[in-house]
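Both backbone and side-chain heavy atoms feed into the values below; hydrogens, waters and symmetry mates do not.
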Amino acid sequence: MYNPLLNTIRPANQYLVSLSTIVVVSIGCYFLSEMIGYKIVAFILLVTLSLLALLIDILPMLVAAIVSAFTWNFFFIPPRFTLHVNKAEDFLLFIMYFIVAMVHAILTFKIRQIQKKTSIRAGRATTLKLYNTLLNSLSHELRTPIATIIGATDNMLTNGNRLTEENKMNLLSEISVASLRLNDQVENLLNMSRVESGFLQAKKDWCDLNELIYTSIKRVEDSIDNHIIQVKSDEDLPLFKLDAGLMEQVLYNLINNAVIYTPPSSIIIVTAKYINGGCNIVVEDNGTGFPGEEREKVFEKFYRLKYSKTGGTGLGLSIARGFIEAHEGVITLESSDSGGAKFIINIPAETATLNDINND
């Protein structure tokens, strides 16, 4: 990949860095030259140029190559302190050193250019793949509720006088469900953009975790297909300092996923505990669970199980992980005792009781 170290040194400072490095290495070699010989010094200087090639651009690199060649000639090749070379062998070595150093600089620059172009192409390919995946995912998820809303409203406008009150209520119910579904998809996209921006920060305040759990469950009531949702939490559960909006969305995404991807009449259990100075939340079900090879991928953007039913954008779990990480917490996936999915959330959080807050 394209070397990111190149951008850590300003172009104006690269000449100073390259020349200073050659000077320092040359001084060190000068005091050791009696033991190692001037030919070994040439290898040391070439290695130094190789390391500099990782940090500096082509022009400073060429300057460093020229300076190192003449430094080696002047201070190390007999006779010292002169550019004159007595032996034809030493003169050939000097010419070869000069050529190797220059070619090394040029080839390094060319390789870096190729790597940069490859990196850009790979980035574009990844972006295009994500773009196509997003379009494919949303084409159904957005089109279906929009078509439902358009069809229902058109029916009411066209046949309003001939519709019974029951028909109108059914159409309004369809519009309401489709609108909520459309809102969920748009909200997922907005939440994903918040996570991807890198500027997501949790605005923490005292929260009743049980209240967040029941609010999240209420949001999925329309999707429940005879599912049984059980809440198990400690009786003396304290208040936690969390971002209520982010945590409610996390719980909603996990519970909604469990409702969507488990058979009717499945049992979903939500557990909340105070463990090790923070909150522990577990959302598990008795569905079919996740194959072992796919557990590490479920939190990736747009990822959906290979044999899952159609629908969904594959953003819910990715958003949940992003929101949990904004709390400096961790979310993991395991198999429940019944073989279903078991999502475990651990978040370090301040705690308090109502009496503590009232006293404050």
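With no hydrogens or angles considered, no side-chain donor-acceptor pair links Tyr261 and Thr288 at under 3.5 Å. Residues Asn167 and Thr164 bring a donor and an acceptor atom of their side chains to less than 3.5 Å of each other. Judged by distance alone, the side chains of Thr262 and His227 do bring a donor and an acceptor atom under 3.5 Å apart.
Between the Ser18 side chain and the Gln14 main chain, a donor and an acceptor come within less than 3.5 Å of each other. Within the 3.5 Å criterion, the main-chain N or O of Gly316 finds a donor-acceptor partner in the side chain of Asn253. The main-chain N or O of Asn155 is never found under 3.5 Å from a side-chain atom of Thr158 such that the two would form a donor-acceptor pair. Within the 3.5 Å criterion, the main-chain N or O of Asp285 finds a donor-acceptor partner in the side chain of Ser336. Within the 3.5 Å criterion, the main-chain N or O of Val220 finds no donor-acceptor partner in the side chain of Asn256. Looking at Ser33, its side chain does come within 3.5 Å of a backbone N or O of Tyr30 through a donor-acceptor pair. Between the side chain of Thr153 and the backbone N or O of Ile150 there is at least one donor-acceptor pair closer than 3.5 Å.
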Exercise. Passes side-chain contact (heavy atoms from CB on, under 4.5 Å), Phe343 versus Asn257? Steps please.
Worked result: CA-CA 11 Å; Phe343 289 93; Asn257 260 31; 5.7 Å; no

For this session: Evaluate the criterion side-chain contact (heavy atoms from CB on, under 4.5 Å) for residue pair Leu209 and Cys279; output intermediate values, then yes/no.
Result: CA-CA 9 Å; Leu209 197 52; Cys279 70; 4.3 Å; yes

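Applying the 6.0 Å contact sphere to OH of Tyr38 captures more than 12 heavy atoms from other residues, nucleotides or ligands. For NZ of Lys204, the number of neighbouring non-hydrogen atoms (other residues, nucleotides, ligands) closer than 6.0 Å is greater than 12. Shown here is Glu166, whose CD atom has no more than 12 heavy atoms of other residues, nucleotides or ligands within 6.0 Å. Counted within 6.0 Å of CZ on Phe81, heavy atoms from surrounding residues, nucleotides or ligands total more than 12; the atom is thus considered enclosed.
Taking the six-membered ring for Trp and the full ring otherwise, the centers of Phe94 and Phe70 sit less than 6.0 Å from each other. The distance between the ring centers of Trp206 and Phe240 does not fall below 6.0 angstrom.
Linking Ile, Leu, Val, Met, Phe, Trp and Tyr whenever their side-chain heavy atoms come within less than 4.5 Å leaves Ile269 and Leu251 in two separate clusters. Both Ile36 and Trp72 belong to a common hydrophobic cluster when Ile, Leu, Val, Met, Phe, Trp and Tyr are linked at side-chain heavy-atom distances under 4.5 angstrom.
A salt bridge is defined here as a Lys NZ or Arg NE, NH1 or NH2 lying under 4.0 Å from an Asp or Glu carboxylate O, and Glu248 with Arg219 meets this definition. A salt bridge does not link Lys232 with Glu284: every distance from a Lys NZ or Arg NE/NH1/NH2 to an Asp or Glu carboxylate oxygen is 4.0 Å or more.
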